[in-house]
Student: 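Just dropping this structure here.
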Amino acid sequence: MYLTPKSGLFLGCACITAIAAVGSVFELSYGQPDLGVQVTAIILALSIPLTGLFFFVAVKDARANIK
């Protein structure tokens, strides 16, 4: 089995941050974000690299558990 609870957690975090990034893009393109332009832009700026980081760590952990 390749998927461990740890890699599953990181993969879930990657999904959540990816959804946050897509939602932020839609909110910013709409013109009037609910949380304000600055907060939404900060969420977008943080969620893009976090998505990549969480995904990378999840894949790395899964590969480490290949037997």
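Note that the numbering runs from 1 along the sequence shown for the chain.
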Student: In terms of hydrophobic clustering (I, L, V, M, F, W, Y; side-chain heavy atoms under 4.5 Å; direct or indirect links), are Leu11 and Val57 co-clustered?
Tutor: no

Student: Does the side chain of Asp61 come under 3.5 Å of the side chain of Thr4 through a donor N or O and an acceptor N or O?
Tutor: yes

Student: Applying side-chain hydrogen bond (donor to acceptor under 3.5 Å, both in side chains), name anything that partners Thr40, two or more places apart in sequence or on another chain.
Tutor: none

Student: Taking atom types as modelled, is there a side-chain donor on Thr17 or Ser47 under 3.5 Å from an acceptor on the other?
Tutor: no

Student: Do you know the tightest heavy-atom contact between Ala14 and Phe55?
Tutor: CB-N, 3.8 Å

Student: Linking Ile, Leu, Val, Met, Phe, Trp and Tyr through side-chain heavy atoms less than 4.5 Å apart, which residues share a cluster with Val25?
Tutor: Leu28, Val37, Leu44, Ile48

Student: Ignoring hydrogens, what is the shortest heavy-atom contact between Phe54 and Phe10? Give both atom names and the distance.
Tutor: CB-O, 3.5 Å

Student: Tell me whether Ser24 contacts the main-chain N or O of Ile43 through its side chain, where contact means a donor paired with an acceptor under 3.5 Å.
Tutor: no

